[in-house]
Amino acid sequence: MLSLGAWSSPASAVEAVRVTLDAKAIDLTPMVERYRSEGDEIRISTAMGRDGIVRRIAVKAREAGSRPDWIVFALTNETDEQIDRILVAPHFRMTGSGVIWPDLGSSRIAAITASQGIRPERQDNADADMFLITLDPGTTVTFVAELASSNLPQLYLWQAAAHTERMNGLTLYKGIIIGIAGLLALFLTIVFVVKGALIFPAAAALAWAVLAYACIDFGFFQRIFPVTDAAERVYRAGAEAVLAATLLVFLFAYLNLNRWHVRYSHVTGLWLVFLAALVGLAVVDPPMASGVARISIAAVAAIGFVLVIHLATHGYDRAVMLVPTWLLLIAWVVAAGFTVMGQLNGDLVPPALIGGLVLIVMLIGFTVMQHAFAGGGFAQGLVTDTERRALALAGAGDIVFDWDVVSDRIFVSPEVEHQLGLKRGALEGSAADWLDLVHPFDRDRYRTSLDAVIEQRRGRLSLDFRLRSASGQHHWFRLKARPVIGSDGEVVRIVGTLCDVTDVKTSEERLLHDAVHDSLTGLPNRQLFADRLDAALNFASQDDAIRPTVIVVDLDRFKQINEAVGYSAGDSILLTLSRRLGRLLRPQDSLARLAGDEFALILMSERETDRIIAFAELIRRAVNTPVTYADREVSLTASIGLALYDPQIALRRDEILKNAEIAMVSAKRLGGDRIEVFRPNMRSDHSDRFTLEADLRRAIERGEMRVLFKPIVRLEDRTIAGFESMLRWDHPRLGQIGPQDFLPLAEETGLIVGLSVFLLERTARELAAWQSALEVDPPIFASVNMSSRQLLRHDLLHEVKTVLLRTGVLPGSLKLEMTESLVMENPEYSAQMLSRLRDLGAGLSLDDFGTGFSALSYLLRFPFDTIKVDQSFVRQMAHGRPVILRSIIKMAHELEMEVVAEGAETESEAIELYQLGCEYAQGPVFGDPMSPIQARQLVGATPEAA
């Protein structure tokens with residue numbers, strides 16, 4: 001073997017293959033030149049370019065001192081457009097694989113080098129070596145590929161869209177074939193359980209063997225259980241040996257060969273022992289085992305054909321029924337032989353062969369079934385149409401409804417009486433007796449629908465109505481019926497089915513309610529409040545006695561309260577306040593929850609200004625009353641804004657609500673815990689907020705936004721595991737502004753989206769710099785908080801994908817943090833979005849875990865890899881009560897999730913967190929938020945290195 005610097009003998013120039021824009025696929029297999037290098041480096045003369053010059057390039061093998069095989073080919077782009085193509089070298093091809101010591105597949109191309117232009121980029125694919133090749137306009141590029149194995153059965157150059165379309169079509173076809181094979185195997189297994197004769201387990205075993213062979217050949221098994229190339233060859237050879245064995249067992253069992261001669265049993269037994277040993281040989285030498293198995297399949301087919309023809313000519317019924325199937329098997333073996341020897345080389349031939357094999361097993365199944373049910377009732381067709389309808393109705397589980405119109409008697413199945421808790425026969429009476437059980441709101445519709453069918457003497461009846469149970473509750477039922485016309489042309493019966501749809505109706509009502517109500521408090525949301533305000537203003541414009549007043553109540557410093565007592569306590573406080581405010585209202589008044597801690601009222605019961613202000617004072621006192629939660633009292637205050645109705649000024653709902661909010665903001669600016677009535681001069685004070693909003697819109701363009709990083713420490717060795725990023729606004733006039741001050745404004749104005757994308761890009765850029773400078777395992781990570789509901793949208797997928805591709809951070813290292821309250825607003829939608837984000841390569845972290853009302857069943861559906869425990873649970877350790885924290889950590893580990901504890905303030909807390917099994921922690925004890933330069937210095941990635 002030559003040394004690292006050894007060179008192979010120079011290779012001659014190659015002929016370039018012309019690549020056109022309209023060529024969907026080009027077979028490069030006969031056009032490549034193959035070389036066996038004398039060392040670990042090869043020198044190649046490139047194809048002649050447009051300038052007529054032939055250049056020399058040298059390519060080095062991946063491993064020093066190796067002597068790999070090489071292939072060389074050249075492509076030319078004579079167009080004036082850039083051409084992108086996919087180079088595909090399949091790992092396994094049945095075509096041309098051979099009979100003796102067949103090629104069972106492996107990786108074909110280890111690496112590929114271009115003489116110029118963009119470097120070929122390997123594409124992820126489990127079934128082939130795929131590279132993205134880019135040809136610049138007017139260029140001729142020579143490619144040198146280092147082969148991973150000595151064989152290269154096929155090399156194609158595809159258009160990406162054409163290759164994807166072809167793969168999608170093949171995938172659909174393969175899925176159908178595997179599905180049919182799986183159903184057939186399951187069905188034959190069930191028949192074996194029912195009947196128990198020897199031919200049924202033999203047929204079922206053959207069906208399962210064909211299913212396994214198809215799954216391995218189509219790559220389905222490898223996708224479920226990722227295996228190495230060596231293991232795949234073992235499985236492929238083993239599947240062929242098992243297929244030969246099960247085919248032999250089926251032939252023996254179906255023809256019942258032991259009844260003809262004892263030697264048949266001996267030969268079959270020895271052959272099966274040989275094939276069983278062949279399965280073991282597949283582990284040691286897969287090509288040899290596969291070659292013997294292929295010869296065995298052909299031998300079983302040929303010998304079986306002779307036996308079937310011989311026994312059929314002697315009048316053996318089983319052999320006669322097997323003749324068509326075995327003729328098809330012989331044709332399949334011949335086609336498979338031509339394929340593996342390279343005589344049939346179409347790409348669609350191998351999938352067609354697998355489909356043909358499944359068809360053969362299906363015919364075998366039909367033959368077995370014909371034998372199984374010969375002489376049975378099903379074969380003779382003794383089931384009448386009426387019996388089929390009765391069986392179908394019993395299978396559907398619906399309740400029979402039969403009204404004899406002539407005698408006015410209704411019959412229903414006993415199930416409905418049992419469900420309603422009524423006595424047996426309670427519903428068997430006249431139609432009028434039913435009216436007492438029908439809900440009062442549904443009686444007229446129920447009576448009218450039945451009368452209409454009787455009068456019109458035709459049509460179908462589909463009616464939803466409620467029946468009262470013995471306990472007084474009502475159940476929804478759906479009646480589907482049609483009339484039966486007598487010989488005189490009149491309706492004599494109405495027959496159909498009843499189906500309990502209570503759950504469906506409850507779900508529909510719940511959806512309608514949730515659409516216009518707050519999920520936490522059950523109060524009307526902003527949309528329903530706006531509709532009610534519209535109605536109140538319309539009434540006021542027509543009646544001078546009606547003067548609606550809009551009152552907006554916003555809690556003071558509620559975010560600090562949430563951080564102090566936890567989000568679950570905050571939700572409980574909001575529930576308590578909603579009940580207190582609701583008790584102050586009269587029937588004509590309305591209360592709604594507009595936002596997190598903002599409530600609004602439409603006061604219709606008071607007209608005088610003094611009484612309205614007195615009512616607002618009652619609201620303020622109700623809020624000021626301390627709320628008790630977990631043995632502690634929480635004191636609250638609120639800023640209250642009033643917008644009085646002026647009949648002289650016609651205001652729209654948005655304007656009057658805006659006036660009330662401006663008055664509320666004015667009360668908050670004056671210190672909170674006060675009541676303010678809207679005055680026109682308040683608008684000028686409110687303009688300062690618009691100025692701040694305008695400054696915020698231009699903050700990113702002016703470079704005023706800075707990204708800070710809070711360290712996250714690995715408790716095991718106290719090393720820096722990652723960072724949590726956050727924004728700070730360096731305002732030119734107001735100085736430094738923290739996120740707690742400008743993020744609510746950004747959320748309200750929609751600027752939160754741009755700020756979050758900015759934070760995501762900057763964080764990913766820094767993370768890429770850290771990872772390029774540090775080669776640690778596991779890699780360093782960074783977390784980005786996505787707390788706004790505006791961010792959980794489809795555009796987020798594109799933005800995350802763009803950032804990950806642009807920065808090249810390692811998969812799973814850029815973590816998106818989302819709170820329980822955010823994902824639980826729409827669990828089904830959130831589960832889909834989170835799964836797609838995880839597939840893109842983003843990590844997912846559940847922030848503030850344990851502070852909301854989420855169900856643990858949903859936690860199993862959300863693909864989070866990290867849980868961030870709220871700091872309120874860390875605080876409980878100081879009181880000697882870490883029970884909940886310990887349970888959360890244990891549950892997370894059982895779900896294969898890592899745990900990050902927030903708010904660690906002392907070294908003793910860090911030690912106790914580690915003892916509880918927590919992997920990571922962050923908090924003041926590990927450092928305050930720092931600049932990107934400080935973060936790089938902390939992890940040892942200097943700015944120059946980054």
Side-chain angles (χ1 to χ4, degrees), residues 562-572 629-632 709-724 776-783 785 812-813 815-821 823-824 843-929 938-939:
N562 258 339
E563 294 176 351
V565 300
Y567 287 97
S568 58
D571 291 343
S572 179
Y629 180 84
D631 298 332
R632 64 184 296 181
F709 296 92
K710 183 187 296 183
I712 300 177
V713 173
R714 185 179 293 104
L715 294 176
E716 181 180 4
D717 53 10
R718 297 303 177 89
T719 58
I720 300 297
F723 292 89
E724 178 184 357
V776 293
D777 187 25
I780 194 169
F781 63 84
S783 300
N785 193 286
S813 61
K815 298 180 180 292
L816 306 182
E817 293 186 5
M818 300 184 185
T819 60
E820 281 187 278
S821 58
V823 297
M824 288 305 298
L844 297 174
S845 177
L846 182 59
D847 196 13
D848 297 334
F849 179 75
T851 60
F853 286 96
S854 65
L856 292 179
S857 60
Y858 277 106
L859 187 59
L860 296 174
R861 299 184 55 190
F862 295 145
F864 289 106
D865 51 61
T866 305
I867 288 180
K868 296 194 74 172
V869 182
D870 187 70
Q871 60 184 354
S872 59
F873 296 105
V874 179
R875 298 284 81 78
Q876 292 177 0
M877 293 193 306
H879 304 288
R881 295 180 296 178
V883 179
I884 299 179
L885 182 57
R886 182 184 294 109
S887 301
I888 292 175
I889 295 173
K890 183 178 180 181
M891 179 194 67
H893 289 167
E894 291 180 353
L895 295 177
E896 298 182 354
M897 299 181 183
E898 296 180 328
V899 182
V900 178
E902 295 184 291
E905 296 181 348
T906 63
E907 181 65 24
S908 60
E909 288 181 347
I911 295 174
E912 188 169 357
L913 285 171
Y914 175 68
Q915 293 173 348
L916 290 175
C918 184
E919 291 92 346
Y920 308 101
Q922 64 182 89
V925 68
F926 301 119
D928 297 325
L938 182 62
V939 299

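We number each residue from 1, following the sequence as shown.
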Peer 1: Give the minimum heavy-atom separation between I720 and P711, together with the two atoms involved.
Peer 2: CD1-CB, 4.1 Å
Peer 1: Provide the closest heavy-atom pair for I780 versus S813 in the form atom of the first, atom of the second, distance.
Peer 2: O-CB, 3.8 Å
Peer 1: Do you know the tightest heavy-atom contact between I712 and F723?
Peer 2: CD1-C, 3.9 Å
Peer 1: Applying the side-chain contact (heavy atoms from CB on, under 4.5 Å) criterion to P882, which one of I888, L916, V874 satisfies it?
Peer 2: L916
Peer 1: How long is the gap from CZ on F926 to CZ on R718, to the nearest 0.5 Å?
Peer 2: 5.0 Å
Peer 1: Tell me the salt bridge (charged side-chain N to carboxylate O under 4.0 Å, His left out) pairs involving residues 891-902, sequence neighbours left out?
Peer 2: K868-E902
Peer 1: For G917 and H893, work out which heavy atoms get closest and say how close.
Peer 2: O-CE1, 2.9 Å
Peer 1: Side chain to side chain contact (heavy atoms under 4.5 Å, CB included), that's the test. Do Y914 and I911 meet it? Break it down for me.
Peer 2: CA-CA 5 Å; Y914 175 68; I911 295 174; 5.8 Å; no
Peer 1: Side chain to side chain donor-acceptor pair (under 3.5 Å) with D847: which of T819, T866, N785?
Peer 2: N785
Peer 1: Kindly write out the residues that satisfy salt bridge (Lys or Arg N to Asp or Glu O under 4.0 Å) with R886, not counting sequence neighbours, or none if the list is empty.
Peer 2: none
Peer 1: Work out which heavy atom in P924 is nearest to a heavy atom in G903; give both atom names and the distance.
Peer 2: CD-C, 4.4 Å
Peer 1: Taking only residues two or more places apart in sequence or in another chain, which ones pass side-chain contact (heavy atoms from CB on, under 4.5 Å) with L895?
Peer 2: L859, L860, M891, M897
Peer 1: With side chain to side chain contact (heavy atoms under 4.5 Å, CB included) as the criterion, how do K815 and D865 come out once you've worked through the C-alpha distance, each side chain's angles and the decisive distance to 0.1 Å?
Peer 2: CA-CA 9 Å; K815 298 180 180 292; D865 51 61; 3.0 Å; yes
Peer 1: Excluding sequence neighbours, so at least two apart, what forms ring pair (Phe, Tyr, Trp, His ring centres under 6.0 Å) with Y920?
Peer 2: F781
Peer 1: With a 4.5 Å cut-off on side-chain heavy atoms, are D777 and P779 touching?
Peer 2: yes
Peer 1: Return the set of residues passing side-chain hydrogen bond (donor to acceptor under 3.5 Å, both in side chains) with D928 (not counting sequence neighbours), or none when no residue passes.
Peer 2: none
Peer 1: May I have the step-by-step check of side chain to side chain contact (heavy atoms under 4.5 Å, CB included) for L885 and L913, ending in yes or no?
Peer 2: CA-CA 9 Å; L885 182 57; L913 285 171; 3.6 Å; yes
Peer 1: Please report the closest heavy-atom contact between P863 and L844, naming both atoms and the distance.
Peer 2: O-CD1, 3.6 Å
Peer 1: Output all residues satisfying salt bridge (Lys or Arg N to Asp or Glu O under 4.0 Å) with E919, sequence neighbours left out; order by chain, then residue number.
Peer 2: none
Peer 1: Is the shortest side-chain heavy-atom distance between Q922 and S783 below 4.5 Å?
Peer 2: no
